[in-house]
Structure formats: C-alpha cells, structure tokens
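First comes the structure, then the notes that go with it.
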Amino acid sequence: MNTLDKTYSPSSMEDNWYKFWEENRLFAPQEGGERPSFSIVIPPPNVTGSLHMGHALNATLQDILCRWKRMQGYRVLWVPGTDHAGIATQNVVERALAKDKIDRHSIGREAFIERVWQWKAEYGNRIIFQLKKLGASCDWEHLRFTMDEGLSRAVREVFVRLFKEGLIYRDNRLINWCPRCHTALSDLEAEHESLDGKLYYIKYPFEDGTGYVIVATTRPETMLGDTAVAVHPEDDRYAGQIGKLIALPLTNRKIPIIADSSVDMEFGTGAVKITPAHDFNDELTGRRHNLPSLSVINEEGKMTHEAGERYRGLDRYECRKLVLKDLREKDLIETEKRYVHNVGHCYRCKTIIEPLQTIQWYVKVESLADGAIKAVQDRTISFVPEQWENNYFAWMRDIRDWCISRQIWWGHQIPAWYCPDCKTEDGILHGDLIEHIFFNPLRVKSKTISSGTYLQLIKAGLTHEEIIKNSKLIRIPKAVKPLCEREDISVCALCGSERLIRDPDVLDTWFSSALWPFSTLGWPEQTEDLKNFYPTSVLVTAFDIIFFWVARMIMMGLKFMDAPPFRHVYIHAIIRDSKGQKMSKSMGNVIDPLVMIDKYGADAFRFSLAVFAAQGRDIRFSEERLEGYRHFINKFWNAAKFISTYSGYYRSSKLEDIKSLPNRWIVTRLSAVTEEVNRGLESYRFNDAANGIYHFVWHEFCDWYIEMVKPELYTGTDSEKTETVNCLYFIFEKILLLMHPFMPFVTEELWHKFCKKDKSIMLSSYPTSLMRYMNAESEMSNIINAVNGIRSIRGELNIQPSAEIFVAIKTLSDEATKTITSNLSSIKKMARCSDIMVGKDLTRIKGSAITVREQMEIYIPLEGLLDVKSEIARLGKEMDKINNEIGIVGKKLSNEDFLNNAPSEVVEKEKRKYEDYRHRKDKLLENLALLQSIGS
RNA sequence: GGGCGGAUAGCUCAGUUGGGAGAGCACAGCCCUUACAAGGCUGGGGUCACAGGUUCAAGCCCUGUUCCGCCUACCA
C-alpha cells in the first residue's frame with residue numbers, strides 16, 4: 001500500500017492517467033461477448049475554437065454517460081471531431097493574413113484554401129488537447145473533421161441525390177446578406193437585435209402636383225429602390241388616391257399608389273413605401289402586384305447605379321445621410337421620431353444584414369420536415385427535457401426552405417458546373433448570361449476590363465482560365481442550368497465543351513454538420529461502424545443549436561439512413577457567469593475551463609458541472625461551489641488515507657457474514673444510493689446522481705459510518721476488525737466505481753493504490769443494486785437519534801467538546817435498548833461521553849438537561865452546572881417546535897375527510913407521528929414543571 | 001405579435017405519480033477530538049412572486065395577474 005499525501009493534489013496525476021488510458025486503448029469500443037452498443041457523436045466544436053465552459057459541460061456529460069455505459073458492459077463508441085466552420089474560420093485566417101497585408105483575392109482561391117489548411121494543421125487541434133485535459137474518453141482513432149475526404153464524399157453524395165430528386169434547387173429571391181462576410185446567410189444566421197433607430201416621415205409628392213402622401217421608413221436610403229407606395233384598400237384617408245402616380249423624390253421615376261391589405265392602417269401614416277429588392281415584406285407585396293424590383297444596394301453594401309449617379313458607390317449609411325440631407329433641402333421630411341426596431345445581424349461578425357436579391361441554392365425542406373416531425377411525435381426520437389419538443393415542433397411546422405450556398409471559399413464547394421456553350425430554354429447562349437466581376441481590373445490589348453459576360457470576356461481576348469482565376473464574383477442567372485455530379489467533371493455531358501465554369505459557392509457549414517452522425521461512421525460506404533453504431537444512442541447538446549443542427553440531422557438521417565440519427569436528445573443548459581450574463585470576450589467575464597482545471601482539478605470541475613447540469617436553461621457558474629466540490633474530493637481522499645492505515649486487516653473484498661449494525665447499515669445505504677445513481681443517469685438527471693454520491697460519501701460514509709466503526713478499529717478483536725475492514729474496503733471500492741464516470745482521475749488513482757488491481761477501473765463493472773438488511777436503517781436511527789440528542793444538548797448548553805460527560809438514556813422499547821447497548825462505544829465516541837446508562841426504567845436524575853427523541857429520553861446530569869433559566873428556555877424552544885407539529889398533525893387527524901380519503905398508510909404514518917410528538921411533549925412538560933417548581 | 005422558461009433560506013439553486021420545505025455556500029457559537037481546519041459539532045434563517053380555484057391534502061395540478069429571462073416573427 002502506497003501512502004497517500006495529506007491533501008489531494010490532482011495536477012500531478014491527471015496527465016499520467018490519461019496517458020495510461022490512451023496507451024492501453026481503453027477508449028476504443030470493447031470487443032467480445034454479446035455487448036450491446038452505445039454510441040455518441042460529439043457536437044463538433046469549431047476548429048477555430050478553444051474550450052469554453054459550454055464545451056466543458058457538454059463533453060463532461062457525454063463522458064459521464066460513456067464511462068458509465070462502458071462499465072455497464074456496453075460496446076461504447078464516442079466519436080470526436082471538429083467542424084470546419086466556414087465563415088468563422090475564413091474570417092480568422094483572413095484576419096491573420098491581413099496582418100501581413102495579404103488579401104485573399106490577391107493570392108487566389110486555391111492558395112487561400114491552402115493557407116486555411118495550414119492554419120488548421122497548426123491550431124485546429126487545440127480543442128482536442130483541451131478535451132483530453134478534461135478526461136474525455138473519446139475514441140481518438142475515430143477523430144473526424146467535416147472537411148475530411150470521407151465526410152466530403154458524404155456531402156457530395158447527399159447534395160447530388162437531393163439535387164436529382166429536385167429537393168435542391170436554385171432560385172432568385174431576397175436573402176439575408178452580410179456585406180462584410182460577402183455572403184448569403186440562412187434565416188437562422190440572421191440574429192435579430194433591437195436597435196435604437198429613427199422613423200422618418202417623408203413626403204412623396206403626387207406626380208400631378210396636387211399634394212403628397214407621407215410614408216414612414218427607418219431606412220430612407222432604400223427609397224431610391226421604391227417601386228410603389230401601398231395603402232390599405234379600406235383606408236378612407238387614401239380612398240381616392242389608389243392608382244395615382246407619385247413622383248419619387250431624388251429620382252426621375254414615377255411609382256403608383258397601390259392597395260394591399262397587408263398594410264397596417266394603424267402604423268405610421270398608413271402609407272408604406274415598397275422596395276421589393278431590399279425588404280422581405282415588400283418582396284411579397286411586389287410579387288402580388290407585379291412590381292418591378294430595383295436593386296439599389298450591392299453585395300458590398302454600397303449603392304448601385306440604379307440608385308442614381310449622385311448616390312452610386314456610396315456606402316449604404318453614407319447614402320442614408322446624403323438622402324436625408326437632400327430630402328431636408330427639398331423640405332420633404334415631415335418629421336422624425338425615435339424608434340426601437342429589430343434589425344438582423346450577421347451571427348458571425350454582427351454586421352447589419354442587408355436583404356439582397358441574389359441567386360442562391362436552397363433545400364426544399366417541407367417533405368424532410370414532415371418525417372422529422374413524425375419521428376418525434378411517435379417517440380422514435382425523444383427530447384429530454386420533453387419541453388423542448390414544443391420548440392422543435394413549432395419551428396419545424398413553420399420551416400422555410402434552407403438557403404445552403406455561401407459566397408466564401410472555405411467549405412465544401414458546391415458540385416455544380418455551368419457550360420457557357422450550352423443554351424437556355426429560350427435559346428440564349430449561357431456564355432452571354434454568365435457575368436464575371438474581377439477582383440482587379442485586367443489590361444487586355446490596352447483596354448481595361450473589370451467585368452463582363454463570359455463570352456464578352458472571351459471575345460476581349462481573355463482565356464477561360466484567366467476569367468475564372470480573376471473572378472471575384474460570378475453571377476449565374478437562374479436560366480443557366482447546372483450540371484451536378486459526384487465526381488468533378490471537366491467536359492460538358494451535353495455539348496462536349498471543355499470550358500466548364502464551376503459554381504464558386506460553398507455549402508453552409510451546417511449542411512455537413514447535418515450528416516455528422518452517419519458521415520463520421522463511414523457513409524456512404526456500408527461500414528461495420530454504421531452497422532454497429534447507427535443510430536447513435538443519444539445526442540447531448542445545448543438548446544441554441546436545436547434548429548441549426550439537431551433538426552437538420554434528424555431530417556438528413558431519416559432521409560439517407562431510413563433511421564433516426566439518435567434516440568434521445570438531451571438538452572442541457574447554457575453556462576453564464578455568476579451574474580447570469582452570457583460569457584463573452586468583450587464583456588471580460590469568460591471563465592476558462594482550463595484555468596478551473598488547473599486550480600481545482602478536472603475531477604472537481606467535472607463533478608461541479610454534473611451537479612449544475614439539471615438547472616433550468618441557464619447555469620450560473622460559481623467558483624465557490626467548485627471549490628466546495630474540491631473539498632469534497634479532499635474529504636474522500638482523507639477517508640481513503642484513514643482506511644489505508646487498516647489495510648493489514650483486509651482479507652477479501654467479498655462481503656460475507658456481516659453482523660455489526662454499522663456494516664449492515666452502510667451496505668444497505670450503499671444499495672440505495674447505487675440505485676439512485678443508476679436511476680439518475682438513466683434519466684439524464686446528472687445532478688441527482690452526483691448529489692446522491694456526494695451525500696452518501698460525505699454524510700453517511702464519512703460522518704456516520706467511519707466515525708462509528710472507529711472504536712472497533714482501535715480496540716476490537718481481530719475478527720471484528722477484519723469484518724469491518726473488509727466492509728470498509730468493500731464500500732470504498734463501490735464508491736470508487738460509482739464515482740468514476742464523474743471523477744475519472746482520482747478514482748483511477750485510488751483504485752490502483754487500494755484495490756491492488758492491475759487493470760483500469762474503466763474495465764470494472766459499474767455497481768448494481770446490492771443486498772439490503774432489514775431493520776438496519778431503523779436500528780441505525782436509534783443510534784443517530786441518541787447521538788444527535790446528546791450533541792444537541794451539548795451544543796446548545798455550550799458544554800466543552802473536550803469534556804466527557806455522563807448520559808442516561810431512557811428507552812421506550814427493548815429493541816432500542818438492545819441497539820443502543822450493543823453500540824455503546826460508538827455512541828460514546830461520537831457524542832463524547834464518559835459513560836452512558838441505558839434502560840427502560842431509568843428515572844430522571846436531578847439537575848439534568850433533557851431532550852426527548854423518538855424511542856428515547858436523554859438525560860445529561862449537570863450537577864449544579866445546569867443553568868435553570870437557560871435550560872427552561874431551551875426546553876421552551878423544543879416545546880414550541882413540537883407544539884407546532886402537533887398542531888399540524890392533529891388538525892389532519894381530526895379531519896374526517898382526511899381519515900376517509902387519504903390512503904391508509906398515510907393515515908397510519910400521521911398517527912404514529914402524532915403519538916410520538918404527544919409523548920415527547922408530555923415528557924418535556926414533566927421536566928419543565930420539575931425545573932420550575934424545584935429550581936433544578 | 002406568437003411561444004417557452006423562471007420567481008423556494010442572505011446568495012446560487014434542488015425539489016417526477018400532490019401526503020412531514022432541502023442542499024451547497026454565506027452567517028453565528030464552540031472545538032486543532034489520533035483520516036481530513038480544504039475539517040468536526042451545534043444553531044439561526046422560508047406567508048415556496050401575487051390572487052383565485054380543484055382536492056381530505058398544493059411549492060407541485062388548473063385559471064388569472066405582476067416582474068425577469070430566452071426563442072421566434074415580414075409591422076414599414
């Protein structure tokens with residue numbers, strides 16, 4: 001037996017044990033036997049990421065489940081990996097390049113992507129190492145990355161199949177555009193935040209000079225793209241004006257006043273300007289009325305030529321200022337009011353989103369969503385906690401087509417090609433429609449060219465390669481039909497042309513994430529992993545990506561695997577700081593998990609997270625509590641140290657022939673807590689499981705059991721000692737096993753120090769319910785009552801802990817007498833008594849303090865030391881409590897309806913309680929009377 | 001606008017078939033009692049947001065109200 005340090009110090013041993021597990025390949029799925037499978041795919045953190053509290057909680061919970069299941073004999077696979085995180089990663093690398101004054105367009109697409117891979121090789125696995133510090137038992141041999149070759153093949157396969165089925169299509173409509181990231185975003189990626197803005201009331205004069213209408217807008221610059229003014233058809237104010245023309249200020253255009261019932265008469269002036277090219281609502285109105293659509297803002301967030309020469313090229317906000325100035329000069333602004341409204345922001349860079357009319361790729365989700373809804377309805381997939389299903393349903397039932405194309409470079413490039421030499425249905429050559437915009441204007445034959453259609457550029461003397469290489473933007477109208485293939489193509493299948501133009505867009509990162517549960521297992525190959533581990537058992541994640549990720553995995557899993565990607569979705573809370581604020585770098589309130597691990601050890605950190613796990617949707621992280629759980633481990637560590645000093649009496653970890661009350665009791669309690677822990681884990685109630693362990697280890701095993709067996713260990717016979725030491729070891733070993741999923745490091749450490757096992761605790765069986773000894777708990781309650789009674793008097797009368805006192809216990813039953821008598825030395829030790837007299841026929845000793853507990857009266861003679869006044873006060877307090885209880889219970893028992901309707905066991909319980917309180921009250925009254933009459 | 005969640009001890013929060021209000025921390029008092037002062041023992045502290053209802057019985061179920069948080073949405 002190695003000796004243990006006085007205090008538990010995690011840092012020295014954690015890394016060693018992790019290495020031990022890895023070297024022995026203990027994280028790989030166990031083969032052999034008829035093992036059922038248990039699998040989890042990790043929510044892949046971004047390669048750009050470093051471990052934050054959310055990851056730590058997420059990974060800890062998954063690790064607890066995996067370690068627990070592994071010990072239960074399952075063949076466990078926990079698939080780790082990272083996500084290429086298109087926009088985020090591209091932004092990071094672009095910023096890094098910017099430091100060297102490099103722009104991605106100057107080095108070109110291929111070179112840029114090469115740089116990203118370099119960056120990934122250098123920094124992309126940081127989070128993996130951090131997960132290891134946490135103790136995560138992922139099978140690292142299964143490590144995946146969403147841009148791996150295999151996963152890319154899965155992406156291609158899915159894309160092409162959906163395209164060929166007509167479930168992926170291109171369309172020209174308004175989308176959320178980030179002018180900073182230069183890409184389209186899905187609806188989900190637009191974060192709405194309320195902003196303080198202004199509502200401008202602008203006069204729109206009639207063309208015939210007979211007056212004006214006033215429209216209200218928060219975005220005056222968009223007026224340059226107005227193509228109508230709408231009013232409600234039943235709005236009397238505008239009754240005669242529908243159909244009239246307006247001379248749109250600052251432009252030379254005439255636009256009509258139209259009637260549309262979507263207009264809210266109450267808002268503003270009841271007249272609304274319609275800008276179909278820059279507002280989602282207006283786009284719909286425009287379609288209903290066949291209005292033209294004028295794009296006045298471009299992909300850079302700058303004004304186009306459609307905005308007019310005066311505004312062309314201005315940034316949208318510069319333009320807003322100028323438009324306002326111009327309007328003011330013409331006295332066309334009626335008024336302006338402060339106005340708070342919701343504005344979409346890019347979820348990556350927080351730039352205000354501009355709705356733009358562009359061609360994008362979409363997934364038609366309706367049919368996919370139907371299946372995904374059914375799977376949750378019929379409980380093929382269930383959410384824990386169940387309440388999240390409501391959110392899921394609400395979103396899925398109202399789901400809109402998913403915009404999957406992004407105008408960035410880092411990601412899965414869309415496998416679509418366009419042939420400039422084929423013709424549209426209307427007989428137009430594609431090459432006349434495809435428009436290229438260059439990054440740098442090119443000089444060709446003394447002419448400067450910055451844009452043009454493909455064929456124009458060819459005619460100007462550029463080669464195909466030059467055009468492709470220099471294109472910053474390629475606009476490919478809807479009429480140009482793409483060719484989509486699993487493998488890259490270089491020849492047009494229709495006309496044989498060899499100058500194909502590949503779609504420059506990449507897929508939304510979430511597209512590949514949606515395939516994660518089966519792409520990581522080898523799909524589209526039919527692999528053993530797929531057979532063994534799909535569907536996965538449970539997905540553990542936070543609620544903020546239910547729509548982004550969970551819903552889409554369900555849709556894709558059902559579509560391509562004909563089976564759900566997972567059975568359960570466990571949704572955990574999001575960690576905030578101690579004030580409830582979201583942790584963010586800019587707020588400076590980020591708590592770094594690695595710092596916590598450093599300070600308190602991974603085990604204490606993990607255990608805290610498990611205890612926090614059940615709290616609603618927010619967890620306020622508190623370092624104080626973490627400190628408390630480190631104390632817990634130290635407490636347990638010291639118990640181990642204590643036990644180790646008796647190793648000499650250890651014979652066997654098999655329990656046989658247990659006789660003594662403490663041993664019977666602790667085994668019984670261990671059984672109960674084992675069930676509690678298993679039940680808790682079964683139902684994802686990590687806090688119940690962790691709290692069960694905490695309470696048992698500290699307050700039952702340490703506080704009562706160890707204290708109670710001490711006298712025997714100090715002075716007992718060898719056979720007594722052996723029984724108890726065996727039992728101590730037995731319980732201790734079970735506690736190690738129970739705690740292992742929560743605290744893998746310290747349990748492994750102690751396992752090797754104590755259990756003399758050469759194999760890892762990871763390979764041992766998780767405890768299941770054991771034997772319980774009848775009566776052990778009720779017998780023990782006599783001991784606890786006696787000790788607590790004595791301690792209570794001591795504490796309240798301020799008797800020095802060092803003073804050993806004499807105590808008399810008058811029992812009410814032979815059983816109580818027997819139990820107390822046979823455990824006298826333990827009681828004496830725990831309550832610090834020199835001697836205890838026990839019996840049913842004892843009488844009160846003069847000058848005693850008294851307390852009355854269940855089954856006993858306890859007297860402590862104080863020979864003149866007793867302060868009568870304070871003793872009377874103390875008994876008065878005790879009496880108040882009892883009277884209070886008697887009042888409550890008595891009321892129930894005098895209620896006929898209660899007696900008639902409540903279950904008999906409830907009534908019985910109340911009756912017993914009542915009798916006990918009555919008896920205690922009588923005894924207290926007697927003693928009070930005595931004290932008051934004779935003064936002692 | 002729609003939806004969801006929360007309101008329990010000074011603080012952070014548990015509390016699942018409705019049947020004696022709990023934990024951790026903090027606080028007060030006493031103690032270095034041979035595993036542990038990162039400890040032990042004792043104690044104080046609650047109209048379970050408010051108002052109704054159902055029930056023999058409500059922190060828990062139902063209705064309404066207030067306050068806080070979140071998600072979602074095309075109100076210019």
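Throughout, protein chains are lettered first and strands after them, A, B, ... in sequence-line order, and every chain is numbered starting at 1.
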Distances for protein N/O vs nucleotides 42-47 of chain B N/O pairs under 3.5 angstrom?
unit_1: rG43(B); atom_1: OP1; unit_2: S792(A); atom_2: OG; d: 3.4

Output the single nucleotide from [options] whose closest atom is nearest the side chain of [X].
X	options	value
D703(A)	rG20(B), rC41(B), rC75(B)	rC41(B)
E885(A)	rA73(B), rG20(B), rA76(B)	rG20(B)
Q800(A)	rC71(B), rC30(B), rA76(B)	rC30(B)
A639(A)	rA35(B), rA14(B), rG19(B)	rA35(B)
Y339(A)	rA35(B), rC74(B), rA76(B)	rA76(B)
E707(A)	rA76(B), rC36(B), rC31(B)	rC36(B)
K913(A)	rG20(B), rA76(B), rA35(B)	rG20(B)
C702(A)	rA73(B), rA35(B), rG19(B)	rA35(B)
N687(A)	rA38(B), rA35(B), rA14(B)	rA14(B)

- [ ] Walk me through it: do R912(A) and E915(A) pass the test salt bridge (charged side-chain N to carboxylate O under 4.0 Å, His left out)?
- [x] CA-CA 5 Å; R912(A) 274 199 308 276; E915(A) 278 161 31; over 6 Å; no
Measure [atom1]/[X] against [atom2]/[N] and give the value in whole Å, please.
X	N	atom1	atom2	value
E915(A)	rG20(B)	CD	P	18 Å
K710(A)	rG40(B)	NZ	P	11 Å
L195(A)	rA76(B)	CG	P	12 Å
L893(A)	rG20(B)	CG	P	12 Å

Task: Y600(A) and its side chain to side chain donor-acceptor pair (under 3.5 Å) partner, picked from E627(A), E623(A), R630(A) - done: E623(A)
Remember a base hit wins even if backbone is also touched, and classify [X] as base, sugar-phosphate or nothing at under 4.0 Å, heavy atoms.
X	answer
A394(A)	nothing
K635(A)	base
Y917(A)	base
R397(A)	nothing
N900(A)	nothing
N798(A)	sugar-phosphate
K829(A)	nothing

TODO: Let me know which of V343(A), L185(A), I175(A) forms a side-chain contact (heavy atoms from CB on, under 4.5 Å) with I353(A).
DONE: L185(A)
Please identify each residue that fulfils ring pair (Phe, Tyr, Trp, His ring centres under 6.0 Å) with [X], with sequence neighbours left out.
X	result
Y200(A)	none
Y914(A)	none
F605(A)	none
F548(A)	Y347(A), W510(A)

Open item on the list: salt bridge (charged side-chain N to carboxylate O under 4.0 Å, His left out) for R679(A) and E676(A)? Distances and angles first, verdict last.
Closed with: CA-CA 5 Å; R679(A) 206 168 44 236; E676(A) 187 184 344; 5.6 Å; no
Kindly say if [X] contacts the phosphate of [N], meaning a side-chain N or O under 4.0 Å from OP1 or OP2.
X	N	answer
Y714(A)	rA35(B)	yes
N634(A)	rA38(B)	no
R832(A)	rC41(B)	no

Just wondering, do [Y] and [X] contact through their side chains at under 4.5 Å, heavy atoms?
X	Y	answer
N900(A)	E896(A)	yes
I202(A)	E334(A)	no
C833(A)	E804(A)	no

TODO: Could you check which residues of residues 214-224 of chain A get a heavy atom under 4.0 Å from RNA chain B? Sort them by number, please.
DONE: A216(A), T217(A)
Task: Donor-acceptor pair under 3.5 Å, N281(A) side chain vs rC74(B) base - done: yes
Task: Pair of N/O donor and acceptor under 3.5 Å linking rA76(B) base with E266(A) side chain - done: no
TODO: With salt bridge (charged side-chain N to carboxylate O under 4.0 Å, His left out) as the test, would you mind laying out the steps for E354(A) and R219(A) before giving the verdict?
DONE: CA-CA 11 Å; E354(A) 189 61 49; R219(A) 307 181 55 206; 2.4 Å; yes
Open item on the list: Checking ring pair (Phe, Tyr, Trp, His ring centres under 6.0 Å) between F636(A) and each of F732(A), F696(A), F642(A), Y8(A), which is the one that passes?
Closed with: F732(A)
Open item on the list: Could you check whether S781(A) and E854(A), counting side-chain N and O atoms only, form a donor-acceptor pair closer than 3.5 Å?
Closed with: no
- [ ] Would you please say whether a donor-acceptor pair under 3.5 Å links the side chains of T275(A) and K273(A)?
- [x] yes
TODO: Only counting residues at least two apart or in another chain, list the ones meeting side chain to side chain contact (heavy atoms under 4.5 Å, CB included) with S904(A).
DONE: none
Open item on the list: Looking at R338(A), I'd like to know if its CZ atom is crowded, meaning that more than 12 non-hydrogen atoms belonging to other residues, nucleotides or ligands lie closer than 6.0 Å.
Closed with: no
Task: All pairs passing salt bridge (charged side-chain N to carboxylate O under 4.0 Å, His left out) where residues 885-895 of chain A contributes a residue, at least two apart - done: K892(A)-E910(A)
TODO: Before accepting this row, confirm whether a basic side-chain N of the pair D916(A)/R920(A) lies closer than 4.0 Å to the acidic partner's carboxylate O.
DONE: yes
Task: Within the 6.0 Å centroid threshold, strictly below: Y694(A) and Y629(A) - done: yes
Open item on the list: If a pair means Watson-Crick or G-U wobble with both distances below 3.5 Å, what does RNA chain B look like in dot-bracket form, with | marking bases paired to a different strand?
Closed with: (((((((..((((.....[..)))).(((((.......))))).....(((((..]....))))))))))))....
Task: Nearest-nucleotide comparison on RNA chain B, the residue closer to the 5′ end among F547(A) and A902(A) - done: A902(A)
Output a table of nitrogen or oxygen pairs between the protein and nucleotides 7-9 of chain B separated by less than 3.5 Å.
none

Open item on the list: Below 30° counts as parallel, above 60° as perpendicular, anything between as tilted: where do the rings of Y714(A) and Y646(A) land?
Closed with: tilted
For nucleotides 22-26 of chain B, tabulate all protein N/O to nucleotide N/O atom pairs closer than 3.5 Å, reporting atom names and distance.
unit_1: rG24(B); atom_1: OP1; unit_2: H699(A); atom_2: NE2; d: 3.4

Taking only N/O atoms, report every protein-nucleotides 57-59 of chain B pair under 3.5 Å with atom names and distance.
none

